[in-house]
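What follows is a set of notes on a single structure, which appears directly below.
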Amino acid sequence: MKNSKARIAALTMSTMMIASSFLAVSAMSASAKTEVVKDGGDSIVDMINKEANPVVDNTTKLNTWAKAYKYSAAGKTKKGYDWTYKTDKDNIKVTCKYDFKAHKYNFTLTGKSKGKANFTLMYKTNDKTWKKVPMKLTVDAKKNIMRTK
């Protein structure tokens with residue numbers, strides 16, 4: 001009696017292991033196929049990621065797709081404010097609204113064309129000191145922007 005219960009348990013366990021192995025292999029082969037399929041410039045994996053992390057209007061967070069990336073900083077010069085930027089690819093538009101009462105920079109970065117850019121935002125914190133903020137930015141085909149670093 002004990003021997004037949006052990007055989008049934010062993011048979012059940014081996015059947016479950018075979019079934020889970022089959023499902024794992026099926027899932028891996030399906031995901032490998034989706035990475036090579038393209039649709040409108042975005043891969044299927046990219047589209048699934050965007051559905052899980054939808055594009056928002058504005059963001060200050062890293063690794064978030066948005067219509068605009070916002071960056072705020074404090075600084076004051078005798079003239080009020082001063083800022084500029086450097087980039088290795090001209091696919092980002094930068095605007096700045098300066099609050100003279102709070103002495104605060106409010107930068108808005110938007111995408112102009114698809115691509116990745118190494119970007120350095122620079123602003124004065126006082127008359128003599130420039131603050132440099134290095135960023136890695138990505139713009140997709142729909143001009144959404146994401147800061148990854």
Side-chain angles (χ1 to χ4, degrees), residues 9 11-149:
L11 182 62
T12 303
M13 290 298 289
S14 63
T15 303
M16 289 174 48
M17 289 172 55
I18 291 170
S20 64
S21 297
F22 176 74
L23 291 173
V25 169
S26 297
M28 286 190 301
S29 64
S31 67
K33 290 178 185 174
T34 59
E35 290 181 26
V36 296
V37 176
K38 298 280 184 178
D39 183 19
D42 290 338
S43 71
I44 300 298
V45 172
D46 289 339
M47 290 188 290
I48 290 169
N49 287 340
K50 285 182 184 176
E51 286 179 18
N53 302 309
V55 176
V56 295
D57 288 336
N58 299 302
T59 190
T60 59
K61 298 178 182 179
L62 294 177
N63 303 313
T64 300
W65 286 106
K67 300 290 180 194
Y69 176 75
K70 302 283 187 166
Y71 186 85
S72 296
K76 179 183 175 184
T77 67
K78 288 179 185 174
K79 294 179 183 178
Y81 68 102
D82 193 5
W83 67 275
T84 189
Y85 66 91
K86 291 181 184 178
T87 184
D88 62 354
K89 184 166 182 153
D90 188 28
N91 66 333
I92 310 291
K93 178 183 173 186
V94 184
T95 59
C96 179
K97 291 184 180 180
Y98 186 77
D99 183 338
F100 285 92
K101 291 180 182 177
H103 307 293
K104 187 175 181 183
Y105 296 91
N106 294 299
F107 296 99
T108 301
L109 288 70
T110 54
K112 295 189 327 189
S113 62
K114 183 178 178 177
K116 293 184 179 191
N118 293 306
F119 186 89
T120 302
L121 181 64
M122 297 173 282
Y123 60 92
K124 280 196 167 181
T125 56
N126 58 49
D127 287 324
K128 296 181 182 180
T129 307
W130 282 95
K131 173 74 175 179
K132 294 180 181 181
V133 183
M135 301 180 189
K136 291 198 181 285
L137 301 167
T138 303
V139 178
D140 71 4
K142 295 179 183 174
K143 299 182 182 176
N144 299 310
I145 190 168
M146 177 174 54
R147 180 179 177 192
T148 57
K149 179 180 174 186

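Hydrogens, waters and symmetry mates play no part in the numbers below; they use all other heavy atoms, side chains included.
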Evaluate ring-ring contact (aromatic ring centres under 6.0 Å, His included) for Tyr123 paired with Tyr81, printing each intermediate quantity in order. CA-CA 8 Å; Tyr123 60 92; Tyr81 68 102; over 10 Å; no
Passing candidate, side chain to side chain contact (heavy atoms under 4.5 Å, CB included) with Thr59, options Asp57, Val56, Leu62: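 Among the candidates, only Val56 passes.
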When Asn91 is tested against each of Leu137, Ile145, Val139 for side chain to side chain contact (heavy atoms under 4.5 Å, CB included), which residue passes?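 The single option meeting the side chain to side chain contact (heavy atoms under 4.5 Å, CB included) with Asn91 is Val139.
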Pair Thr108, Lys70: side-chain N/O donor-acceptor within cut-off below 3.5 Å: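 Their side chains do contain a donor-acceptor pair, which is all the 3.5 Å distance test asks for.
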Just checking, is any N or O donor in the side chain of Asn144 or Lys67 under 3.5 Å from an acceptor N or O on the other one?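 Checked: Asn144/Lys67 side chains pair up, N/O donor to acceptor below 3.5 Å.
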What pair of heavy atoms forms the shortest contact from Lys114 to Lys89, and how long is it?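 Heavy atoms of Lys114 and Lys89 come nearest at O-NZ, 3.6 Å.
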What pair of heavy atoms forms the shortest contact from Thr110 to Ala68, and how long is it?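 Thr110 and Ala68 have their closest heavy atoms at CG2-CB, 3.7 Å.
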Considering residues, nucleotides and ligands other than Lys112, do more than 12 of their heavy atoms fall under 6.0 Å from its NZ?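 Check passes, neighbour count above 12.
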If you look only at distance, which donor and acceptor atoms sit under 3.5 Å apart when one is on a side chain in residues 95-105 and the other is two or more places apart or in another chain?
| from | atom 1 | to | atom 2 | distance (Å) |
| --- | --- | --- | --- | --- |
| Tyr98 | OH | Gly75 | O | 2.4 |
| Tyr98 | OH | Gly80 | O | 3.1 |
| Asp99 | OD1 | Lys101 | N | 3.0 |
| Asp99 | OD1 | Ala102 | N | 3.1 |
| His103 | ND1 | Phe100 | O | 3.3 |
| Tyr105 | OH | Asp82 | N | 3.2 |
| Tyr105 | OH | Asp82 | O | 3.1 |
| Tyr105 | OH | Lys124 | N | 3.4 |
| Tyr105 | OH | Lys124 | O | 2.7 |

Check whether any side-chain heavy atom of [X] sits under 4.5 Å from a side-chain heavy atom of [Y], and report yes or no.
X	Y	answer
Thr120	Tyr85	no
Lys136	Lys116	no
Thr84	Trp130	yes
Val133	Phe119	no
Trp65	Asp140	yes

Report the distance from atom [atom1] of [X] to atom [atom2] of [Y], rounding to the nearest 0.5 Å.
X	Y	atom1	atom2	answer
Leu121	Lys132	CG	NZ	12.0 Å
Asn63	Arg147	CG	CZ	10.0 Å
Lys131	Asn126	NZ	CG	12.5 Å

Apply side chain to side chain contact (heavy atoms under 4.5 Å, CB included) to the pair Trp83 and Phe107, showing each step before the final yes or no. CA-CA 10 Å; Trp83 67 275; Phe107 296 99; 3.6 Å; yes
Does Asn118 reach the main-chain N or O of Asp88 with its side chain, forming a donor-acceptor pair under 3.5 Å?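 Not at all, since once roles are kept as given, no pair shorter than 3.5 Å links the two residues.
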